[in-house]
Amino acid sequence: MISYAFKALFANKLKTFLIILSLIFSIVSIFLISSISNGVISMYSSMLKSDGDIIVTQAKISDTFFSNVNINLVEKINNLKDIKDTSAMTVGASPVEKLPIVAVYGVTKNRFKNYTLIAGNYPSKNEVIIGKSILEQLFNKNEIQIANKSFKISGVFKSEIGFENGGVVLNIDEAGEIFNKSASMILVNTTLNSNIENIIKDIKNLSDEIDVKSTQNFVDNYNQFKIIKTSSNVISFIAFSMGLLGIVSLMSITINQRKAEFGIKRALGIKTSKIVYSIMVESFLLGVFSFISALIISNVTLYFVKNAKSLQGYVNGEISVELAFYIFVTSILMAIIGSIIPALNAAKTDPVELIQGNKI
Amino acid sequence: MIKALNLTHYYNKDLALENINLEINKGEFVSIIGESGSGKSTLLSLLSTLLKPTSGEIFFENTNYKNIKDIDNFRKTNIGFIFQFHYLINYLTVKENIKLANEKASNDEIYNLLKLLKIENLLDKYPNEISGGQKQRVAIARALINKPKVIIADEPTGNLDSKNSLNVFEILKNLSEEGTTIIVATHDKELAKFANKIYEVKDGKIN
(Lines give C-alpha, C1' and ligand atoms only; values in the text may rest on other atoms or scores of the structure.)
Protein backbone atom coordinates (compact mmCIF):
# COMPACT_ATOMS: atom_id res chain seq x y z
CA MET A 1 0.00 0.00 0.00
CA ILE A 2 2.75 2.47 0.95
CA SER A 3 4.82 1.70 -2.15
CA TYR A 4 1.72 2.25 -4.33
CA ALA A 5 1.08 5.52 -2.50
CA PHE A 6 4.65 6.66 -3.18
CA LYS A 7 4.27 5.73 -6.84
CA ALA A 8 0.98 7.64 -7.08
CA LEU A 9 2.61 10.72 -5.56
CA PHE A 10 5.65 10.52 -7.85
CA ALA A 11 3.38 10.03 -10.87
CA ASN A 12 1.87 13.47 -10.25
CA LYS A 13 5.11 15.28 -9.47
CA LEU A 14 3.97 18.85 -10.10
CA LYS A 15 0.76 18.57 -8.11
CA THR A 16 2.46 16.64 -5.34
CA PHE A 17 5.09 19.37 -5.21
CA LEU A 18 2.41 22.07 -5.04
CA ILE A 19 0.53 20.25 -2.28
CA ILE A 20 3.74 19.78 -0.31
CA LEU A 21 4.65 23.43 -0.86
CA SER A 22 1.23 24.53 0.37
CA LEU A 23 1.54 22.27 3.42
CA ILE A 24 5.09 23.42 4.13
CA PHE A 25 4.09 27.10 4.03
CA SER A 26 1.27 26.49 6.47
CA ILE A 27 3.30 24.29 8.80
CA VAL A 28 6.28 26.67 8.78
CA SER A 29 3.88 29.54 9.60
CA ILE A 30 2.45 27.57 12.50
CA PHE A 31 5.94 26.58 13.64
CA LEU A 32 7.29 30.13 13.50
CA ILE A 33 4.37 31.91 15.11
CA SER A 34 4.07 29.27 17.83
CA SER A 35 7.78 28.98 18.53
CA ILE A 36 8.43 32.73 18.47
CA SER A 37 5.51 33.48 20.79
CA ASN A 38 6.58 30.59 23.02
CA GLY A 39 10.12 31.97 22.87
CA VAL A 40 8.99 35.43 23.95
CA ILE A 41 6.97 33.97 26.82
CA SER A 42 9.77 31.60 27.75
CA MET A 43 12.41 34.36 27.75
CA TYR A 44 10.41 36.66 29.99
CA SER A 45 9.22 33.89 32.31
CA SER A 46 12.80 32.52 32.55
CA MET A 47 13.93 35.95 33.69
CA LEU A 48 11.26 35.98 36.37
CA LYS A 49 11.81 32.39 37.39
CA SER A 50 15.59 32.71 37.52
CA ASP A 51 15.49 34.44 40.83
CA GLY A 52 12.42 33.61 42.66
CA ASP A 53 9.60 31.46 43.81
CA ILE A 54 7.39 34.46 44.56
CA ILE A 55 6.85 37.66 42.62
CA VAL A 56 5.53 40.91 44.09
CA THR A 57 4.02 43.55 41.82
CA GLN A 58 1.85 46.60 42.29
CA ALA A 59 -1.74 45.68 42.99
CA LYS A 60 -4.32 46.12 40.23
CA ILE A 61 -1.70 46.79 37.55
CA SER A 62 -1.85 44.41 34.61
CA ASP A 63 1.65 44.90 33.20
CA THR A 64 5.01 44.70 34.96
CA PHE A 65 6.22 47.65 32.88
CA PHE A 66 3.71 49.91 34.67
CA SER A 67 4.06 48.33 38.09
CA ASN A 68 5.61 50.38 40.89
CA VAL A 69 6.47 48.65 44.16
CA ASN A 70 8.11 50.27 47.16
CA ILE A 71 11.67 48.94 47.27
CA ASN A 72 11.70 49.23 51.06
CA LEU A 73 9.60 46.08 51.08
CA VAL A 74 12.72 44.10 50.08
CA GLU A 75 14.16 44.37 53.58
CA LYS A 76 10.83 43.68 55.25
CA ILE A 77 10.30 40.57 53.12
CA ASN A 78 13.83 39.43 53.86
CA ASN A 79 13.02 39.47 57.55
CA LEU A 80 10.10 37.07 57.12
CA LYS A 81 10.38 33.38 57.99
CA ASP A 82 11.66 30.94 55.32
CA ILE A 83 12.98 33.68 53.01
CA LYS A 84 16.32 32.85 51.44
CA ASP A 85 16.89 35.91 49.31
CA THR A 86 14.96 38.90 47.97
CA SER A 87 15.82 41.13 45.03
CA ALA A 88 14.10 43.93 43.20
CA MET A 89 14.00 44.80 39.54
CA THR A 90 12.86 47.72 37.46
CA VAL A 91 12.10 46.99 33.84
CA GLY A 92 12.04 49.70 31.24
CA ALA A 93 13.02 50.41 27.68
CA SER A 94 14.94 53.22 26.06
CA PRO A 95 16.48 54.10 22.70
CA VAL A 96 20.25 53.65 22.68
CA GLU A 97 22.29 55.21 19.85
CA LYS A 98 20.51 54.15 16.64
CA LEU A 99 18.63 51.29 18.27
CA PRO A 100 14.99 52.35 18.74
CA ILE A 101 14.33 50.21 21.77
CA VAL A 102 16.63 48.52 24.24
CA ALA A 103 15.54 46.71 27.39
CA VAL A 104 16.84 48.38 30.54
CA TYR A 105 16.96 46.51 33.83
CA GLY A 106 17.58 48.21 37.12
CA VAL A 107 18.43 45.56 39.70
CA THR A 108 19.47 45.36 43.32
CA LYS A 109 23.12 44.44 43.82
CA ASN A 110 22.33 40.88 44.95
CA ARG A 111 20.85 40.19 41.51
CA PHE A 112 24.00 41.09 39.57
CA LYS A 113 25.21 37.50 40.00
CA ASN A 114 22.51 36.46 37.53
CA TYR A 115 24.46 38.14 34.74
CA THR A 116 27.53 36.16 33.77
CA LEU A 117 30.28 38.63 32.96
CA ILE A 118 32.51 37.89 30.01
CA ALA A 119 34.42 41.15 30.39
CA GLY A 120 34.82 43.93 32.97
CA ASN A 121 33.09 44.37 36.33
CA TYR A 122 29.61 44.72 37.76
CA PRO A 123 28.39 48.35 37.65
CA SER A 124 28.95 50.97 40.31
CA LYS A 125 27.24 54.36 40.29
CA ASN A 126 26.88 55.85 36.81
CA GLU A 127 27.90 52.57 35.26
CA VAL A 128 26.08 49.82 33.35
CA ILE A 129 26.82 46.36 32.12
CA ILE A 130 25.48 45.44 28.72
CA GLY A 131 24.50 42.21 26.99
CA LYS A 132 26.82 40.72 24.38
CA SER A 133 24.40 41.14 21.50
CA ILE A 134 23.80 44.83 22.23
CA LEU A 135 27.54 45.50 22.51
CA GLU A 136 28.05 44.27 18.95
CA GLN A 137 25.70 46.98 17.69
CA LEU A 138 27.10 49.95 19.55
CA PHE A 139 29.47 52.42 17.92
CA ASN A 140 30.69 53.69 21.28
CA LYS A 141 31.61 50.64 23.29
CA ASN A 142 32.72 52.58 26.34
CA GLU A 143 29.72 54.71 27.15
CA ILE A 144 25.98 54.79 26.49
CA GLN A 145 23.22 57.30 27.01
CA ILE A 146 19.92 56.37 28.57
CA ALA A 147 17.34 59.17 28.79
CA ASN A 148 19.98 61.90 28.40
CA LYS A 149 22.13 60.45 31.12
CA SER A 150 25.56 59.01 30.31
CA PHE A 151 26.70 55.71 31.76
CA LYS A 152 30.11 54.13 31.54
CA ILE A 153 30.08 50.54 30.32
CA SER A 154 31.80 48.66 33.14
CA GLY A 155 31.28 45.16 31.84
CA VAL A 156 29.73 42.84 29.28
CA PHE A 157 27.61 39.82 30.15
CA LYS A 158 26.26 36.91 28.22
CA SER A 159 22.85 35.43 28.78
CA GLU A 160 20.89 32.66 27.08
CA ILE A 161 17.80 34.82 27.56
CA GLY A 162 17.51 37.04 24.49
CA PHE A 163 15.78 39.88 26.37
CA GLU A 164 18.76 40.03 28.76
CA ASN A 165 21.47 39.48 26.17
CA GLY A 166 20.07 42.42 24.26
CA GLY A 167 19.66 44.59 27.34
CA VAL A 168 21.38 46.99 29.69
CA VAL A 169 21.68 46.42 33.43
CA LEU A 170 22.29 49.13 36.02
CA ASN A 171 21.73 49.82 39.68
CA ILE A 172 18.05 49.95 40.60
CA ASP A 173 18.17 53.40 42.20
CA GLU A 174 19.51 54.91 38.97
CA ALA A 175 16.89 53.04 36.93
CA GLY A 176 14.29 54.37 39.35
CA GLU A 177 15.40 57.94 38.58
CA ILE A 178 15.11 57.31 34.84
CA PHE A 179 11.75 55.55 34.91
CA ASN A 180 10.42 57.45 37.91
CA LYS A 181 9.59 54.46 40.04
CA SER A 182 10.87 52.57 43.06
CA ALA A 183 10.86 49.06 41.53
CA SER A 184 8.75 47.21 38.98
CA MET A 185 8.72 44.01 40.97
CA ILE A 186 10.27 42.18 43.86
CA LEU A 187 11.50 38.62 43.39
CA VAL A 188 11.53 36.39 46.43
CA ASN A 189 13.52 33.22 46.86
CA THR A 190 12.28 30.89 49.58
CA THR A 191 14.07 28.17 51.51
CA LEU A 192 13.71 24.55 50.49
CA ASN A 193 10.41 22.86 51.47
CA SER A 194 8.90 26.11 52.71
CA ASN A 195 5.14 26.67 52.48
CA ILE A 196 4.79 29.13 49.59
CA GLU A 197 1.11 29.90 50.31
CA ASN A 198 1.87 30.90 53.89
CA ILE A 199 4.76 33.11 52.79
CA ILE A 200 2.52 34.77 50.17
CA LYS A 201 0.00 35.58 52.93
CA ASP A 202 2.78 36.99 55.13
CA ILE A 203 4.04 39.22 52.31
CA LYS A 204 0.52 40.42 51.48
CA ASN A 205 0.13 41.48 55.08
CA LEU A 206 3.02 43.89 54.64
CA SER A 207 1.16 46.22 52.24
CA ASP A 208 -2.24 46.76 50.71
CA GLU A 209 -0.71 48.10 47.54
CA ILE A 210 0.92 44.92 46.35
CA ASP A 211 -0.10 41.78 44.54
CA VAL A 212 1.78 38.61 45.54
CA LYS A 213 1.81 35.41 43.53
CA SER A 214 3.97 32.34 43.15
CA THR A 215 6.13 32.89 40.06
CA GLN A 216 4.52 29.94 38.31
CA ASN A 217 1.05 31.30 39.07
CA PHE A 218 2.14 34.73 37.86
CA VAL A 219 3.53 33.32 34.59
CA ASP A 220 0.42 31.20 34.03
CA ASN A 221 -1.91 34.15 34.54
CA TYR A 222 0.11 37.05 33.13
CA ASN A 223 -2.24 38.87 30.77
CA GLN A 224 0.48 39.75 28.27
CA PHE A 225 1.34 36.07 27.88
CA LYS A 226 -2.34 35.27 27.40
CA ILE A 227 -2.59 37.92 24.67
CA ILE A 228 0.53 36.57 22.94
CA LYS A 229 -0.74 32.98 23.18
CA THR A 230 -4.21 33.90 21.93
CA SER A 231 -2.78 35.89 19.01
CA SER A 232 -0.45 33.01 18.21
CA ASN A 233 -3.31 30.52 18.30
CA VAL A 234 -5.47 32.71 16.06
CA ILE A 235 -2.69 33.17 13.49
CA SER A 236 -1.87 29.45 13.66
CA PHE A 237 -5.52 28.62 13.07
CA ILE A 238 -5.60 30.95 10.05
CA ALA A 239 -2.42 29.28 8.71
CA PHE A 240 -4.01 25.88 9.34
CA SER A 241 -7.20 26.92 7.53
CA MET A 242 -5.25 28.32 4.57
CA GLY A 243 -3.25 25.11 4.36
CA LEU A 244 -6.42 23.08 4.59
CA LEU A 245 -8.07 25.01 1.77
CA GLY A 246 -4.92 24.62 -0.32
CA ILE A 247 -4.91 20.86 0.20
CA VAL A 248 -8.64 20.51 -0.51
CA SER A 249 -8.39 22.41 -3.79
CA LEU A 250 -5.13 20.79 -4.97
CA MET A 251 -6.22 17.30 -3.94
CA SER A 252 -9.56 17.84 -5.68
CA ILE A 253 -7.76 18.72 -8.91
CA THR A 254 -5.37 15.77 -8.59
CA ILE A 255 -8.09 13.30 -7.75
CA ASN A 256 -10.35 14.58 -10.50
CA GLN A 257 -7.55 13.84 -12.97
CA ARG A 258 -7.25 10.34 -11.54
CA LYS A 259 -10.95 9.53 -11.81
CA ALA A 260 -10.39 6.79 -14.37
CA GLU A 261 -8.06 5.11 -11.88
CA PHE A 262 -10.71 5.14 -9.18
CA GLY A 263 -13.41 4.12 -11.67
CA ILE A 264 -11.45 1.04 -12.72
CA LYS A 265 -10.79 0.19 -9.09
CA ARG A 266 -14.51 0.38 -8.39
CA ALA A 267 -15.23 -1.78 -11.45
CA LEU A 268 -12.68 -4.31 -10.21
CA GLY A 269 -14.66 -4.62 -7.00
CA ILE A 270 -12.30 -2.65 -4.77
CA LYS A 271 -14.37 -1.27 -1.91
CA THR A 272 -14.90 2.48 -1.55
CA SER A 273 -13.43 2.33 1.96
CA LYS A 274 -10.22 0.88 0.51
CA ILE A 275 -10.05 3.63 -2.12
CA VAL A 276 -10.51 6.29 0.57
CA TYR A 277 -7.89 4.55 2.72
CA SER A 278 -5.37 4.51 -0.15
CA ILE A 279 -5.82 8.28 -0.61
CA MET A 280 -5.48 8.78 3.14
CA VAL A 281 -2.17 6.91 3.05
CA GLU A 282 -0.97 9.27 0.31
CA SER A 283 -2.12 12.23 2.41
CA PHE A 284 -0.36 10.85 5.48
CA LEU A 285 2.89 10.56 3.52
CA LEU A 286 2.44 14.12 2.24
CA GLY A 287 1.85 15.29 5.81
CA VAL A 288 4.93 13.50 7.16
CA PHE A 289 7.22 14.72 4.38
CA SER A 290 5.89 18.28 4.66
CA PHE A 291 6.27 18.23 8.44
CA ILE A 292 9.90 17.10 8.27
CA SER A 293 10.69 19.72 5.60
CA ALA A 294 8.89 22.41 7.59
CA LEU A 295 10.72 21.45 10.77
CA ILE A 296 14.08 21.82 9.02
CA ILE A 297 13.08 25.12 7.35
CA SER A 298 11.69 26.49 10.62
CA ASN A 299 14.85 25.62 12.54
CA VAL A 300 17.03 27.28 9.90
CA THR A 301 14.76 30.36 9.86
CA LEU A 302 14.77 30.57 13.66
CA TYR A 303 18.56 30.34 13.68
CA PHE A 304 18.78 33.34 11.36
CA VAL A 305 16.08 35.19 13.30
CA LYS A 306 17.93 34.55 16.55
CA ASN A 307 21.16 35.85 15.09
CA ALA A 308 19.70 38.76 13.14
CA LYS A 309 21.39 41.85 14.55
CA SER A 310 18.44 44.05 13.70
CA LEU A 311 16.26 42.02 16.06
CA GLN A 312 18.76 42.47 18.93
CA GLY A 313 18.20 38.88 20.04
CA TYR A 314 14.71 39.76 21.31
CA VAL A 315 13.07 37.32 18.90
CA ASN A 316 14.07 33.82 19.80
CA GLY A 317 11.92 30.89 18.77
CA GLU A 318 11.94 27.63 20.61
CA ILE A 319 10.77 24.37 19.05
CA SER A 320 10.23 22.07 21.97
CA VAL A 321 9.50 18.36 21.55
CA GLU A 322 5.97 19.09 22.77
CA LEU A 323 5.47 21.83 20.16
CA ALA A 324 6.96 19.64 17.41
CA PHE A 325 4.61 16.79 18.37
CA TYR A 326 1.61 19.13 18.46
CA ILE A 327 2.48 20.51 15.02
CA PHE A 328 3.15 17.00 13.68
CA VAL A 329 -0.37 15.98 14.68
CA THR A 330 -1.69 19.25 13.19
CA SER A 331 0.18 18.58 9.92
CA ILE A 332 -1.19 15.08 9.60
CA LEU A 333 -4.69 16.29 10.45
CA MET A 334 -4.36 19.09 7.89
CA ALA A 335 -3.29 16.65 5.17
CA ILE A 336 -5.90 14.05 6.03
CA ILE A 337 -8.86 16.39 6.65
CA GLY A 338 -7.95 18.25 3.47
CA SER A 339 -8.11 15.00 1.51
CA ILE A 340 -11.26 13.51 2.97
CA ILE A 341 -13.75 15.31 0.72
CA PRO A 342 -11.76 14.69 -2.50
CA ALA A 343 -11.20 11.07 -1.39
CA LEU A 344 -14.89 10.50 -0.77
CA ASN A 345 -15.66 11.99 -4.17
CA ALA A 346 -13.07 9.72 -5.75
CA ALA A 347 -14.55 6.68 -4.06
CA LYS A 348 -17.95 7.56 -5.52
CA THR A 349 -16.59 7.52 -9.09
CA ASP A 350 -19.16 5.68 -11.13
CA PRO A 351 -17.54 2.83 -13.10
CA VAL A 352 -20.57 2.83 -15.40
CA GLU A 353 -18.94 5.79 -17.11
CA LEU A 354 -16.00 3.52 -17.92
CA ILE A 355 -18.20 0.81 -19.35
CA GLN A 356 -20.04 3.41 -21.39
CA GLY A 357 -16.75 4.24 -23.05
CA ASN A 358 -16.09 7.60 -21.43
CA LYS A 359 -12.52 8.33 -20.52
CA ILE A 360 -13.57 9.85 -17.17
CA MET B 1 -25.81 -18.86 -15.72
CA ILE B 2 -27.13 -15.30 -16.21
CA LYS B 3 -30.82 -14.76 -16.73
CA ALA B 4 -32.46 -11.36 -17.26
CA LEU B 5 -36.22 -11.08 -16.93
CA ASN B 6 -38.22 -8.05 -18.12
CA LEU B 7 -35.34 -5.63 -17.66
CA THR B 8 -36.26 -2.00 -18.06
CA HIS B 9 -33.98 0.89 -17.28
CA TYR B 10 -34.47 4.63 -17.28
CA TYR B 11 -31.83 7.34 -16.91
CA ASN B 12 -33.99 9.89 -15.09
CA LYS B 13 -36.98 9.97 -17.45
CA ASP B 14 -35.14 8.70 -20.54
CA LEU B 15 -35.83 5.12 -21.44
CA ALA B 16 -32.58 3.24 -22.14
CA LEU B 17 -33.71 -0.38 -22.15
CA GLU B 18 -37.20 -1.82 -22.35
CA ASN B 19 -38.40 -5.25 -21.36
CA ILE B 20 -35.17 -7.16 -22.03
CA ASN B 21 -35.19 -10.92 -21.60
CA LEU B 22 -32.09 -13.02 -22.17
CA GLU B 23 -30.37 -16.11 -20.93
CA ILE B 24 -26.65 -16.80 -21.09
CA ASN B 25 -25.30 -20.25 -20.30
CA LYS B 26 -21.97 -21.19 -18.73
CA GLY B 27 -19.09 -21.08 -21.20
CA GLU B 28 -21.10 -19.29 -23.86
CA PHE B 29 -19.54 -16.60 -26.00
CA VAL B 30 -22.23 -13.93 -26.40
CA SER B 31 -21.95 -10.89 -28.60
CA ILE B 32 -24.16 -7.89 -28.07
CA ILE B 33 -24.24 -5.75 -31.14
CA GLY B 34 -25.92 -2.47 -31.84
CA GLU B 35 -25.44 1.11 -32.87
CA SER B 36 -23.89 3.64 -30.56
CA GLY B 37 -26.57 4.74 -28.06
CA SER B 38 -28.69 1.66 -28.69
CA GLY B 39 -28.46 0.57 -25.05
CA LYS B 40 -25.83 -2.19 -25.21
CA SER B 41 -23.51 -0.50 -22.69
CA THR B 42 -26.45 -0.05 -20.32
CA LEU B 43 -27.21 -3.74 -20.70
CA LEU B 44 -23.60 -4.64 -19.88
CA SER B 45 -23.71 -2.33 -16.83
CA LEU B 46 -26.86 -4.04 -15.59
CA LEU B 47 -25.52 -7.56 -16.17
CA SER B 48 -22.29 -6.67 -14.37
CA THR B 49 -24.03 -5.25 -11.26
CA LEU B 50 -22.68 -1.75 -11.91
CA LEU B 51 -26.26 -0.50 -12.45
CA LYS B 52 -29.48 -1.47 -10.76
CA PRO B 53 -32.39 -1.87 -13.19
CA THR B 54 -35.42 0.38 -12.82
CA SER B 55 -37.50 -2.76 -13.04
CA GLY B 56 -36.98 -6.42 -13.81
CA GLU B 57 -34.77 -9.11 -12.33
CA ILE B 58 -31.33 -10.52 -13.03
CA PHE B 59 -30.18 -13.88 -11.74
CA PHE B 60 -26.60 -15.12 -11.50
CA GLU B 61 -26.48 -18.88 -11.01
CA ASN B 62 -30.07 -18.65 -9.73
CA THR B 63 -29.21 -15.91 -7.21
CA ASN B 64 -31.14 -12.70 -7.67
CA TYR B 65 -28.81 -9.71 -7.84
CA LYS B 66 -31.12 -8.00 -5.35
CA ASN B 67 -30.19 -10.61 -2.73
CA ILE B 68 -26.43 -10.15 -3.03
CA LYS B 69 -25.23 -8.34 0.12
CA ASP B 70 -21.61 -7.55 -0.75
CA ILE B 71 -21.91 -6.46 -4.36
CA ASP B 72 -18.24 -5.28 -4.57
CA ASN B 73 -16.99 -8.68 -3.48
CA PHE B 74 -19.44 -10.44 -5.79
CA ARG B 75 -18.16 -8.39 -8.72
CA LYS B 76 -14.54 -8.95 -7.71
CA THR B 77 -14.86 -12.72 -7.54
CA ASN B 78 -17.28 -13.42 -10.38
CA ILE B 79 -16.91 -10.78 -13.07
CA GLY B 80 -13.91 -9.63 -15.05
CA PHE B 81 -14.07 -6.39 -17.02
CA ILE B 82 -12.39 -5.41 -20.26
CA PHE B 83 -13.08 -1.90 -21.50
CA GLN B 84 -12.61 -0.21 -24.84
CA PHE B 85 -9.84 1.82 -23.28
CA HIS B 86 -7.44 -0.34 -21.26
CA TYR B 87 -7.59 1.87 -18.12
CA LEU B 88 -4.25 0.62 -16.88
CA ILE B 89 -2.77 2.76 -14.15
CA ASN B 90 0.29 4.40 -15.63
CA TYR B 91 2.36 4.60 -12.46
CA LEU B 92 2.03 0.89 -11.76
CA THR B 93 3.88 -1.87 -13.59
CA VAL B 94 2.03 -4.54 -15.55
CA LYS B 95 2.38 -6.88 -12.58
CA GLU B 96 1.07 -4.27 -10.14
CA ASN B 97 -1.86 -3.41 -12.41
CA ILE B 98 -2.87 -7.04 -12.44
CA LYS B 99 -2.39 -7.33 -8.67
CA LEU B 100 -4.82 -4.48 -8.25
CA ALA B 101 -7.60 -6.89 -9.14
CA ASN B 102 -6.27 -9.59 -6.85
CA GLU B 103 -3.75 -8.66 -4.17
CA LYS B 104 -3.25 -12.29 -3.27
CA ALA B 105 -2.23 -13.38 -6.78
CA SER B 106 1.25 -14.90 -6.67
CA ASN B 107 4.03 -13.87 -9.03
CA ASP B 108 3.83 -17.34 -10.62
CA GLU B 109 0.10 -16.97 -11.28
CA ILE B 110 0.63 -13.61 -12.91
CA TYR B 111 3.57 -14.87 -14.95
CA ASN B 112 1.63 -17.91 -16.18
CA LEU B 113 -1.33 -15.74 -17.12
CA LEU B 114 0.89 -13.35 -19.05
CA LYS B 115 2.58 -16.30 -20.71
CA LEU B 116 -0.82 -17.55 -21.82
CA LEU B 117 -1.40 -14.15 -23.40
CA LYS B 118 2.16 -14.16 -24.81
CA ILE B 119 3.23 -11.03 -22.96
CA GLU B 120 5.26 -12.54 -20.11
CA ASN B 121 8.20 -10.31 -21.03
CA LEU B 122 6.15 -7.23 -20.02
CA LEU B 123 5.84 -8.16 -16.35
CA ASP B 124 7.85 -5.23 -15.01
CA LYS B 125 7.09 -2.74 -17.78
CA TYR B 126 4.97 0.34 -17.28
CA PRO B 127 1.89 0.93 -19.51
CA ASN B 128 3.60 3.78 -21.34
CA GLU B 129 6.39 1.39 -22.35
CA ILE B 130 4.13 -1.02 -24.23
CA SER B 131 1.95 -0.93 -27.36
CA GLY B 132 -1.85 -0.52 -27.53
CA GLY B 133 -2.40 -4.21 -28.33
CA GLN B 134 -0.15 -5.24 -25.45
CA LYS B 135 -2.03 -2.89 -23.10
CA GLN B 136 -5.32 -4.52 -24.02
CA ARG B 137 -3.83 -7.95 -23.37
CA VAL B 138 -2.68 -6.75 -19.96
CA ALA B 139 -6.24 -5.53 -19.37
CA ILE B 140 -7.44 -9.03 -20.29
CA ALA B 141 -4.92 -10.51 -17.85
CA ARG B 142 -6.23 -8.15 -15.16
CA ALA B 143 -9.77 -9.34 -15.89
CA LEU B 144 -8.69 -12.98 -15.70
CA ILE B 145 -6.54 -12.95 -12.57
CA ASN B 146 -9.50 -13.67 -10.29
CA LYS B 147 -10.53 -16.57 -12.51
CA PRO B 148 -13.97 -14.98 -12.97
CA LYS B 149 -16.92 -16.99 -14.14
CA VAL B 150 -17.93 -14.23 -16.53
CA ILE B 151 -15.95 -11.74 -18.58
CA ILE B 152 -17.78 -8.64 -19.69
CA ALA B 153 -16.02 -6.77 -22.46
CA ASP B 154 -17.19 -3.46 -23.84
CA GLU B 155 -15.81 -2.79 -27.31
CA PRO B 156 -12.50 -4.46 -26.30
CA THR B 157 -11.04 -3.93 -29.74
CA GLY B 158 -12.29 -0.38 -30.24
CA ASN B 159 -8.78 1.04 -30.09
CA LEU B 160 -6.93 -1.80 -31.81
CA ASP B 161 -5.96 -2.54 -35.39
CA SER B 162 -7.49 -5.53 -37.19
CA LYS B 163 -4.61 -7.89 -36.38
CA ASN B 164 -4.71 -7.12 -32.66
CA SER B 165 -8.52 -7.16 -32.69
CA LEU B 166 -8.54 -10.64 -34.14
CA ASN B 167 -6.00 -11.71 -31.59
CA VAL B 168 -8.08 -10.42 -28.66
CA PHE B 169 -11.19 -12.21 -29.93
CA GLU B 170 -9.20 -15.43 -30.35
CA ILE B 171 -8.10 -15.15 -26.74
CA LEU B 172 -11.71 -14.59 -25.63
CA LYS B 173 -12.87 -17.51 -27.75
CA ASN B 174 -10.27 -19.80 -26.14
CA LEU B 175 -11.38 -18.64 -22.69
CA SER B 176 -14.97 -19.46 -23.49
CA GLU B 177 -13.95 -22.90 -24.70
CA GLU B 178 -12.24 -23.41 -21.35
CA GLY B 179 -15.54 -22.63 -19.56
CA THR B 180 -15.48 -18.89 -18.95
CA THR B 181 -18.65 -17.11 -20.00
CA ILE B 182 -17.88 -14.21 -22.32
CA ILE B 183 -20.22 -11.29 -22.98
CA VAL B 184 -18.86 -8.84 -25.52
CA ALA B 185 -20.39 -5.64 -26.81
CA THR B 186 -19.09 -4.79 -30.25
CA HIS B 187 -20.16 -2.88 -33.31
CA ASP B 188 -17.96 -5.06 -35.53
CA LYS B 189 -20.30 -7.65 -37.04
CA GLU B 190 -17.37 -9.74 -38.36
CA LEU B 191 -15.84 -10.10 -34.93
CA ALA B 192 -19.27 -10.74 -33.43
CA LYS B 193 -19.30 -13.94 -35.46
CA PHE B 194 -16.81 -15.44 -32.98
CA ALA B 195 -19.79 -15.72 -30.62
CA ASN B 196 -22.13 -18.65 -30.47
CA LYS B 197 -25.00 -16.34 -29.55
CA ILE B 198 -25.63 -12.80 -30.79
CA TYR B 199 -28.08 -10.29 -29.35
CA GLU B 200 -28.79 -7.14 -31.29
CA VAL B 201 -29.92 -4.14 -29.27
CA LYS B 202 -31.86 -1.51 -31.11
CA ASP B 203 -33.65 1.45 -29.53
CA GLY B 204 -33.39 -0.19 -26.12
CA LYS B 205 -34.90 -3.47 -27.23
CA ILE B 206 -33.46 -6.83 -28.20
CA ASN B 207 -34.47 -8.06 -31.59
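Residue numbers start from 1 in every chain, and the chains themselves are labelled A, B, ... in the order their sequence lines are given, proteins ahead of strands. All values derive from a computational prediction rather than experimental measurement. Reckoned from all heavy atoms, side chains included, excluding hydrogens, waters and symmetry mates.
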Task: Reference residue B:M1; test side-chain contact (heavy atoms from CB on, under 4.5 Å); the match among B:E23, B:E28, B:E61 - done: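 One option only clears the test, and that one is B:E61.
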
TODO: Enter the distance from A:I27:CD1 to A:S236:OG here, rounded to the nearest 0.5 Å.
DONE: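 One finds 12.0 Å between CD1 of A:I27 and OG of A:S236.
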
Open item on the list: Working to the nearest 0.5 angstrom, can you tell me the gap between A:L244 CG and A:M334 CE?
Closed with: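 So the CG of A:L244 and the CE of A:M334 are separated by 7.5 Å.
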
Task: Heavy-atom contact with chain B under 4.5 Å, split by part of A:Y4 - done: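 Both parts, backbone and side chain.
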
What part of [X] is in contact with chain A, defined as an atom under 4.5 angstrom from a non-hydrogen atom: side chain, backbone, both or neither?
X      : value
B:L100 : both
B:D70  : side chain
B:E103 : side chain

- [ ] Quick one: sort the B:F169 and B:F194 rings into parallel, tilted or perpendicular, breaks at 30° and 60°.
- [x]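 B:F169 and B:F194: tilted rings.
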
